[in-house]
Amino acid sequence: MNVKKQFKDGLITQNPVLVQLLGMCSTLAITTSLFNGVGMGLSVIIILTCCNIVISALRKVIPNDIRIAIYVVVIAGFVTIVDLLLKAFIPALSEALGVFIPLIVVNCIIIGRSEAFAAKNSIGASALDGIFQGLGYTLVLVAMCVIREFLAKGAFGGGMLDVANGFKVVFDGTGSGIQIFPAQYGALIMALPVGGFLTLGCLIALMQHLLRKSAQKKSEKKEAAE
Amino acid sequence: MDVAKLLDIMLGAILINNFIFSQFLGICPFMGVSKKTDTAAGMGMAVIFVMGLASAICWVINKFVLVALGLQYLQTLAYILVIAALVQFVEMFLKKAVPSLYSALGIYLPLITTNCAVLGVVLLNTQNNYNFIESVVYGVTGGIGFLVAIVLFASIREKLRFADYPKAFEGFPIALVTAGLLALAFMGFSGMSIPW
């Protein structure tokens with residue numbers, strides 16, 4: 001029951017990007033190809049889950065006055081681990097994301113979840129929260145990537161889907177992606193910063209519209225029942 | 001001392017590679033405290049100050065502690081601690097020494113710790129192998145770029161109250177679209193360079 005609610009919260013009703021409006025910088029900056037989006041999403045899921053577990057386990061030991069500093073140290077530790085692992089095993093991703101991997105340290109989603117959830121809940125619940133909130137973030141990243149990549153280059157899955165050598169998923173940034181329409185007809189502007197702002201604006205607007213509609217429906221149902 | 005390079009860094013940080021509009025660093029405070037022009041200007045000033053100082057201190061830490069001891073892999077950790085401590089110290093110092101500035105910047109200072117523009121500028125300084133003066137110049141001018149962006153944005157946002165847009169775009173979405181259009185305007189600077 002609770003798991004179900006956490007799942008729904010993370011992905012939809014309390015989506016970190018679309019509803020809580022956290023973690024904007026990376027969402028806007030790196031969502032130009034599916035490879036970047038999925039890579040960033042997975043990194044954040046791992047870091048968020050690990051941080052939530054550690055902070056939840058330590059929640060009774062951490063003194064209240066310096067808790068933020070301790071959170072930051074824990075987060076920076078895990079970010080460094082992921083950064084080094086990526087550099088060693090997926091250098092293409094590390095290069096594509098550049099400075100935004102170390103910048104996960106100041107991604108408000110992670111410190112926000114530590115403060116708002118992990119500091120008050122059990123280890124199991126915090127781990128689940130990390131996974132679901134991370135998934136919600138990844139979902140938005142992927143949506144942004146798909147929209148921007150399609151409009152800018154007419155492609156899908158750049159860097160991840162290798163069509164030339166049979167149809168398979170690769171994770172080293174060499175896949176060419178599926179070309180849906182020729183790249184020269186794409187609106188290059190969508191791959192530039194402008195496109196990021198516009199796409200995210202429209203996505204959040206859509207989310208607000210849907211949430212308002214569902215709230216309206218609920219209140220109508222209530223009235224009908226009364 | 002290479003003046004042309006310094007000018008190049010300045011021009012890049014303020015206009016061409018503006019931290020907000022082309023590098024996407026510092027979007028959270030950019031969106032969060034841009035409802036009024038004067039608070040936006042206060043935030044911008046605080047950011048210039050902290051970015052300049054952080055660039056200087058982190059350069060020293062990197063050169064004489066991390067590199068000297070072969071601990072570069074602790075960079076992220078060291079930088080964020082330096083920034084957090086720095087912000088705390090600046091806050092305490094200003095409170096005692098320059099209370100008028102403190103009350104002007106007051107609430108924005110603690111927020112700066114989680115401003116990714118600050119950590120971003122420090123990481124970029126290291127990545128680009130800037131020397132001490134170049135680092136400080138990049139930090140300060142990056143902050144000026146932030147100030148220009150946030151003040152422009154806030155003054156547009158104040159006018160948005162009188163605009164008529166679809167209800168779904170209320171609040172954040174319309175602000176993002178506005179920022180997008182501003183970014184489009186800033187793209188016009190992308191061809192500029194120092195002519196010598």
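Here is how names work: the chains are called A, B, and so on, in the same order as the sequence lines, proteins then strands, and each is numbered from 1. Below, all heavy atoms of this structure are taken into account, side chains as well, without hydrogens, waters or symmetry copies.
The most heavy-atom pairs under 4.5 Å with chain B, out of A:I111, A:L203, A:V105, A:N107, come from A:V105. Heavy-atom pairs under 4.5 Å with chain A peak, among B:T76, B:L176, B:L123, at B:L176. Counting heavy-atom pairs closer than 4.5 Å to chain B, the top residue among A:G201, A:G98, A:G196, A:A76 is A:G201.
Taking both residues in full, the closest heavy atoms of A:F197 and B:I20 are given as CZ-O, 4.3 Å, listed atom of the first, atom of the second, then distance. Minimum interatomic distance between A:Q208 and B:A168 (heavy atoms only, all atoms of both residues): OE1-O, 2.8 Å. In terms of heavy-atom proximity, B:K167 sits nearest to A:R212 at CG-NH1, 3.3 Å. Closest non-hydrogen pair, B:A183 versus A:V194, comes out as C-CG2, 4.0 Å. For the pair A:I204 and B:P173, the tightest heavy-atom approach, listed with the atom from each and the gap, is CG2-CG, 3.6 Å. In terms of heavy atoms, B:F24 sits closest to A:C25 at O-CB, 3.3 Å.
With a 4.5 angstrom heavy-atom cutoff, A:L206 does not touch chain B via any of its atoms. Of the two parts of B:Q23, only the backbone, made up of N, CA, C and O, holds a non-hydrogen atom closer than 4.5 Å to a non-hydrogen atom of chain A. Of the two parts of A:L28, the backbone and the side chain both hold a non-hydrogen atom closer than 4.5 Å to a non-hydrogen atom of chain B. Heavy-atom distances place the side chain of A:I189, and not its backbone, under 4.5 Å from chain B. For a residue to count as touching a neighbouring chain, one of its non-hydrogen atoms must lie under 4.5 Å from one of that chain's; by this rule B:L119 touches chain A with backbone and side chain alike. With a 4.5 Å cut-off on non-hydrogen atoms, B:A179 touches chain A through its backbone and its side chain both. Both the backbone and the side chain of A:V73 come within less than 4.5 Å of a heavy atom in chain B.
Atom CD of B:Q72 has more than 12 neighbouring heavy atoms from other residues, nucleotides or ligands inside a 6.0 Å radius. Residue A:F181 places its CZ atom among more than 12 non-hydrogen atoms of other residues, nucleotides or ligands, all under 6.0 Å distant. Counting non-hydrogen atoms of other residues, nucleotides and ligands closer than 6.0 Å to OH of B:Y165 gives a total above 12.
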Audit row: A:L198, B:V177, side chain to side chain contact (heavy atoms under 4.5 Å, CB included) steps and yes/no: CA-CA 5 Å; A:L198 294 182; B:V177 172; 3.8 Å; yes
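For the atom pair B:L25 CG and A:L103 CG, the distance stands at 6.0 Å (nearest 0.5 Å). Between B:I80 atom CD1 and A:T80 atom OG1 the span is 10.5 Å, to the nearest 0.5 Å. Rounding to the nearest 0.5 Å gives a distance of 4.5 Å between CZ of B:F172 and CG of A:L21.
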